[in-house]
There are 2 protein chains.
Amino acid sequence: MEKQAMACKVDEALEIIVGKWKPIILLLLFEHKVMRFNELKRAIPGITQKMLTTQLRELEEEDIVHREIYPQVPPKVEYSITEYGKSIESVLEVMHDWSVLHLEHKKKLQNE
Amino acid sequence: MEKQAMACKVDEALEIIVGKWKPIILLLLFEHKVMRFNELKRAIPGITQKMLTTQLRELEEEDIVHREIYPQVPPKVEYSITEYGKSIESVLEVMHDWSVLHLEHKKKLQNE
DNA sequence: CAGTATCCAACTAGATACTG
DNA sequence: CAGTATCTAGTTGGATACTG
């Protein structure tokens, strides 16, 4: 595979998984399976409603997160990972594992 | 492992691999082993000198890219992946593979 | 050749207020 | 409860000019 084309595709993946709050949103949904809007908001310290909405809409757009609306008052909306979205978990794990490696490496460098 | 701590670490990894031009820089260096500044610049259409410098400095800071300066006129500077930096290749590959999967999935969705 | 320095436009994200 | 709307401060990145 040509490297330039590959970089192009990597960028696309990054745009989806990145976004300041996406990893934490995804990890929470992987853990809890189903979460309501305010439940997510409480679980993510520092996020604003606007940001949470935006990031969830983007993940929904990519068919990674499913949004279930219950037509009732007060409104109830539940978020979950789609069947397809589950494919992203291994990517998050690889990134996490490398991060741990990286932290250790930096610590080692500082001790020299 | 607690999910919140994990998200934190994933973010750190993302900050390093992301940056608009980092994937392409890294992939080029993985392919060519050693590249000079202008060689990289020519290989990356649209990048400015400022951006290339910034991104390279950040990768150098993280001990992922090595910068070899030859004290001569005109100056010659060569960039390469550090021994440690090689650990990032598999992360890029996983992200790339998922991107390909994702493109296929989106195409399938549009045909429905 | 391999950068630095400066300026500015565009986008991002936070705070805040409002609503079905 | 689960958002939307608006405004604004801060950051990012591009264009351009200059340099050892």
Side-chain angles (χ1 to χ4, degrees), chain A residues 7-8 10-12 14-26 28-29 32-62 64-81, chain B residues 7-8 10-26 28-29 32-62 64-82:
Chain A
C8 199
V10 168
D11 277 344
E12 284 187 52
L14 288 174
E15 270 170 45
I16 293 158
I17 310 172
V18 175
K20 205 180 169 186
W21 307 97
K22 279 171 191 165
I24 178 80
I25 291 174
L26 291 171
L28 283 166
L29 288 179
H32 296 274
K33 309 300 178 194
V34 174
M35 289 179 87
R36 296 180 63 172
F37 185 84
N38 275 351
E39 204 177 344
L40 273 166
K41 190 172 178 314
R42 274 191 301 273
I44 307 173
I47 200 170
T48 59
Q49 281 188 321
K50 181 185 160 191
M51 273 301 99
L52 183 53
T53 306
T54 311
Q55 307 273 300
L56 283 170
R57 288 295 182 286
E58 285 172 23
L59 291 170
E60 198 191 344
E61 182 74 17
E62 299 298 328
I64 290 160
V65 162
H66 173 69
R67 179 164 174 251
E68 185 73 40
I69 306 158
Y70 297 88
Q72 60 185 49
V73 178
K76 174 176 169 182
V77 179
E78 284 183 345
Y79 293 91
S80 56
I81 304 283
Chain B
C8 199
V10 167
D11 277 344
E12 284 188 50
L14 288 175
E15 271 170 44
I16 292 158
I17 311 173
V18 176
K20 205 180 167 185
W21 306 97
K22 278 170 190 163
I24 177 81
I25 291 172
L26 291 171
L28 283 166
L29 288 178
H32 296 275
K33 310 300 178 195
V34 175
M35 288 180 88
R36 298 180 62 174
F37 185 84
N38 274 352
E39 203 177 346
L40 274 166
K41 192 172 178 314
R42 274 192 301 274
I44 307 173
I47 198 170
T48 59
Q49 282 188 320
K50 182 186 161 189
M51 274 301 98
L52 183 53
T53 305
T54 310
Q55 306 273 302
L56 283 169
R57 288 294 182 288
E58 285 174 22
L59 291 169
E60 199 192 343
E61 182 73 17
E62 299 298 330
I64 291 161
V65 161
H66 173 68
R67 180 163 173 250
E68 184 74 38
I69 306 157
Y70 297 88
Q72 60 185 47
V73 178
K76 174 175 168 182
V77 179
E78 284 182 345
Y79 293 91
S80 56
I81 303 285
T82 62

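Values in this document were obtained by computation on a predicted structure and should not be read as measured data.
Taking A/E62 as the reference, B/H102, B/K106 meet the side chain to side chain donor-acceptor pair (under 3.5 Å) condition, with sequence neighbours excluded. Remark: B/E15 pairs with no residue by the side chain to side chain donor-acceptor pair (under 3.5 Å) rule, at least two apart or across chains. The side chain to side chain donor-acceptor pair (under 3.5 Å) search around A/E68 returns A/H66, not counting sequence neighbours. Residues satisfying the side-chain contact (heavy atoms from CB on, under 4.5 Å) test with A/R57, not counting sequence neighbours, are A/T53, A/E60, A/R67, A/Y79. With sequence neighbours excluded, the residues that form a side-chain contact (heavy atoms from CB on, under 4.5 Å) with A/K76 are A/R36, A/Y70, A/Q72, A/E78.
The shortest non-hydrogen separation linking A/L52 to A/F37 is CD2-O, 3.6 Å. For the residue pair A/I17 and B/L14, the shortest heavy atom distance occurs at O-CD1, 4.2 Å. Counting all heavy atoms, side chain and backbone alike, B/M35 lies closest to B/A43 at CE-CB, 4.1 Å. Pairing each heavy atom of A/P23 with each of B/D11, the nearest pair is CG-OD1, 3.4 Å.
Running 5' to 3' along DNA chain C, contacts with non-hydrogen atoms of chain B at under 4.0 Å begin and end at C/dC1 to C/dC7.
Note that CD of A/E58 is 3.5 Å distant from NZ of A/K22, once rounded to the nearest 0.5 Å. The line from OG1 of B/T82 to CD1 of B/I64 is 7.0 Å long, rounded to the nearest 0.5 Å.
Between B/I47 and B/I24 there is no side-chain heavy-atom pair separated by less than 4.5 Å. By the 4.5 Å heavy-atom criterion applied to side chains, B/L29 and B/L59 are not counted as neighbours.
Phosphate contact (OP1/OP2 of D/dG14, side-chain N/O of B/W21, threshold under 4.0 Å): present.
Atom C1' of nucleotide D/dA5 and atom CZ of A/R57 are separated by 14 Å, given to the nearest angstrom. The nearest whole Å value for the distance from the NZ atom in A/K20 to the C1' atom in D/dT11 is 11 Å.
Base pairing in DNA chain D gives the following stems of 3 or more Watson-Crick or G-U pairs, range against range and under 3.5 Å: C:1-20 with D:1-20.
Non-hydrogen atoms lying under 4.0 Å from DNA chain C are contributed by A/T48, A/K50, A/M51, all within residues 32-51 of chain A. Non-hydrogen atoms lying under 4.0 Å from DNA chain C are contributed by B/R67, B/P74, B/P75, B/K76, B/V77, B/Y79, all within residues 67-82 of chain B.
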